[in-house]
Amino acid sequence: MGRRLVAAAAQLGPIAVADSREAVTRRLVQLLERSAVAGAELVVFPEAALTAFFPHWWIEDPAELLSYYETAMPSPAVRPLFRRAKQLGVSFVLGYAERTPDDRLFNTCVLVDDEGELILKYRKIHLPGFRDVRPAAPYQNLEKRYFEVGDLGFGVTRWRDTVLGLAICNDRRWAESYRALALQGAEIACIGYNTPDTVLQLPEADRLADLHNELSMRAGAYQNAMWVIGTAKAGVEEGVSQIGGSCIISPAGEVVAQAQTLGDEVVAAEIDLDMVVRYRRDVVNFDHHRRPEAYGRLVETIPPERQQQGGT
Ligand code: ING
């Protein structure tokens with residue numbers, strides 16, 4: 001039989017600015033229940049799964065900006081999701097904007113186990129986009145303005161009989177993200193995302209938005225011999241058209257299940273965790289084949305604008 005489990009990417013369609021946390025939580029609970037019906041024991045929700053993806057526009061009023069962040073997890077509005085997950089015996093990953101007690105702002109996701117306990121937190125490290133507003137752009141990406149760089153590193157945790165790691169959206173485009181998790185033993189990477197179907201800085205890449213999404217995650221899965229569960233917030237959200245393509249990818253780099261819509265959708269598959277063991281036994285055997293002594297440039301190369309700051 002081996003170590004098998006059913007996992008689900010719980011894709012969300014658009015969330016409107018006017019949608020309350022309570023209304024969104026009802027959608028999350030429905031997706032959780034549909035995932036449980038499919039046998040899922042792990043459900044991965046998208047990045048920023050409680051609100052519209054507000055970095056897509058300039059928010060001048062500080063109070064309005066802060067209204068998009070959670071100061072507690074679970075908050076009273078989100079507690080029904082934690083309760084229902086515990087009733088169903090399902091663990092889940094949830095992305096949201098986090099405001100800490102000392103007013104630091106992060107793009108965060110958490111793993112909550114089947115007892116409703118928060119067992120792993122991750123704060124997004126690769127923040128795409130810009131700090132400054134681009135008035136001529138059809139939409140913004142102000143994550144560098146609205147969030148700090150994550151300060152928790154790429155962490156993993158033991159979960160059931162495996163090791164699970166978290167990443168968020170733009171992290172999936174960087175090979176380092178997957179390797180940092182895999183070198184800690186992660187066999188599953190859970191990655192929520194909000195990805196427009198146009199590329200602000202590179203219009204020629206617009207037509208490849210879906211390809212680059214899948215390519216990034218398939219490469220990460222294969223090159224690290226790990227399962228990747230990628231979950232989109234999809235559809236036209238406050239005027240910004242976002243890709244879907246939520247999927248479950250095996251250590252062989254194969255997409256074993258993929259979303260067919262741009263709305264709320266459960267993408268479930270049974271995953272064989274021992275496939276990780278088989279691929280890491282030889283094809284991707286870190287201890288036998290990696291040569292870290294040749295990799296110094298990967299961590300010594302610090303972008304010029306940060307060298308003055310001592311590489312922070
Ligand atoms: N969104 C996008 C992502 O990385 C992006 C930003 C799109 C960067 C296309 C580069 C190319 O999927 C978030 N939220 O990171």
Side-chain angles (χ1 to χ4, degrees), residues 9 11-15 17 44-59 65 68-70 93-98 105-109 122-134 137-150 154 166-178 180-181 189-221 228-247 249 255 258-259 262 303:
Q11 176 176 291
L12 276 172
I15 296 177
V17 167
V44 181
F45 291 111
E47 168 192 38
L50 297 174
T51 63
F53 195 69
F54 59 95
H56 282 157
W57 61 88
W58 164 234
I59 301 172
L65 175 62
Y68 287 94
Y69 295 81
E70 310 302 320
V93 173
L94 182 72
Y96 61 94
E98 177 192 14
L105 305 176
F106 295 100
N107 187 343
T108 296
C109 69
Y122 169 70
R123 292 167 172 163
K124 187 174 182 179
I125 287 173
H126 295 97
L127 298 173
F130 312 96
R131 282 193 55 78
D132 56 333
V133 182
R134 312 240 157 156
Y139 59 89
Q140 308 296 315
N141 189 337
L142 293 170
E143 292 191 66
K144 292 183 190 301
R145 189 182 194 91
Y146 292 164
F147 301 122
E148 278 188 50
V149 172
F154 285 103
L166 303 174
I168 299 176
C169 203
N170 198 247
D171 289 324
R172 78 192 187 286
R173 299 179 192 274
W174 300 95
E176 293 86 347
S177 306
Y178 302 91
L181 296 175
C190 303
I191 312 177
Y193 57 89
N194 282 249
T195 300
D197 61 13
T198 56
V199 184
L200 277 179
Q201 315 87 303
L202 193 64
E204 72 185 78
D206 288 359
R207 65 184 182 83
L208 300 169
D210 288 305
L211 170 70
H212 288 162
N213 175 54
E214 190 177 304
L215 178 67
S216 302
M217 294 193 286
R218 291 181 68 176
V228 172
I229 302 169
T231 309
K233 167 111 75 53
V236 180
E237 182 179 84
E238 295 297 334
V240 180
S241 176
Q242 302 207 116
I243 67 169
S246 302
C247 58
I249 302 169
V255 176
Q258 188 154 50
L262 293 176

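Whatever order the structure lists ligands and atoms in, that order sets their numbers, starting from 1. Note that the coordinates shown come from a computational prediction; the quantities given were computed from them, not determined experimentally.
Among the atoms of Asn141, none of the N or O lies under 3.5 angstrom from an N or O of ligand 1. Taking only nitrogen or oxygen atoms, main chain and side chain alike, Arg173 reaches within less than 3.5 Å of ligand 1.
Taking every non-hydrogen atom of Glu143 and a distance limit under 4.0 Å, the qualifying atoms of ligand 1 come out as 13 (C), 14 (N), 15 (O). The atoms of ligand 1 that sit less than 4.0 Å from any heavy atom of Pro128 are 6 (C), 13 (C), 15 (O). Applying the 4.0 Å criterion to heavy atoms of Asn194 picks out, from ligand 1, the atoms 1 (N), 2 (C), 13 (C), 14 (N).
Taking the side chain as every heavy atom from C-beta outward, Thr195 and Cys169 approach each other to under 4.5 Å. The closest side-chain heavy-atom distance from Tyr193 to Met217 is below 4.5 Å. Between Glu70 and Thr108 the shortest side-chain heavy-atom distance does not fall below 4.5 Å. Contact check for Phe154 versus Glu176: no side-chain heavy atoms found under the 4.5 Å cut-off. Using a 4.5 Å cut-off on side-chain heavy atoms (C-beta onward), Lys144 and Phe130 make no contact. Contact check for Tyr178 versus Arg172: side-chain heavy atoms found under the 4.5 Å cut-off.
Within the 4.0 Å heavy-atom criterion, the part of Phe53 lying near ligand 1 is the side chain and not the backbone. Residue contacts with ligand 1, taken as heavy atom pairs separated by less than 4.0 Å, involve Arg172 solely via side-chain atoms from C-beta onward.
In terms of protein heavy atoms, atom 12 (O) of ligand 1 is closest to Thr195 OG1, 2.6 Å. For atom 13 (C) of ligand 1, the closest non-hydrogen atom on the protein side is Cys169 SG, 2.8 Å. With hydrogens left out, the protein atom closest to atom 8 (C) of ligand 1 is Asn170 ND2, 3.4 Å, a heavy atom.
Shown here is Trp174, whose CH2 atom has no more than 12 heavy atoms of other residues, nucleotides or ligands within 6.0 Å.
With ring centers used as reference points, Tyr69 lies under 6.0 Å from Phe54.
At a 4.0 Å cut-off, not a single heavy atom of His126 sits close enough to ligand 1 to count as contact. For the ligand labelled ligand 1, residue Glu47 lies inside the 4.0 Å heavy-atom shell. Judged by the shortest distance from any of its heavy atoms, Gln201 lies outside the 4.0 Å radius around the atoms of ligand 1.
The side chain to side chain donor-acceptor pair (under 3.5 Å) test with Glu143 singles out one residue from His126, Lys124, His56, Arg131, and that residue is Lys124.
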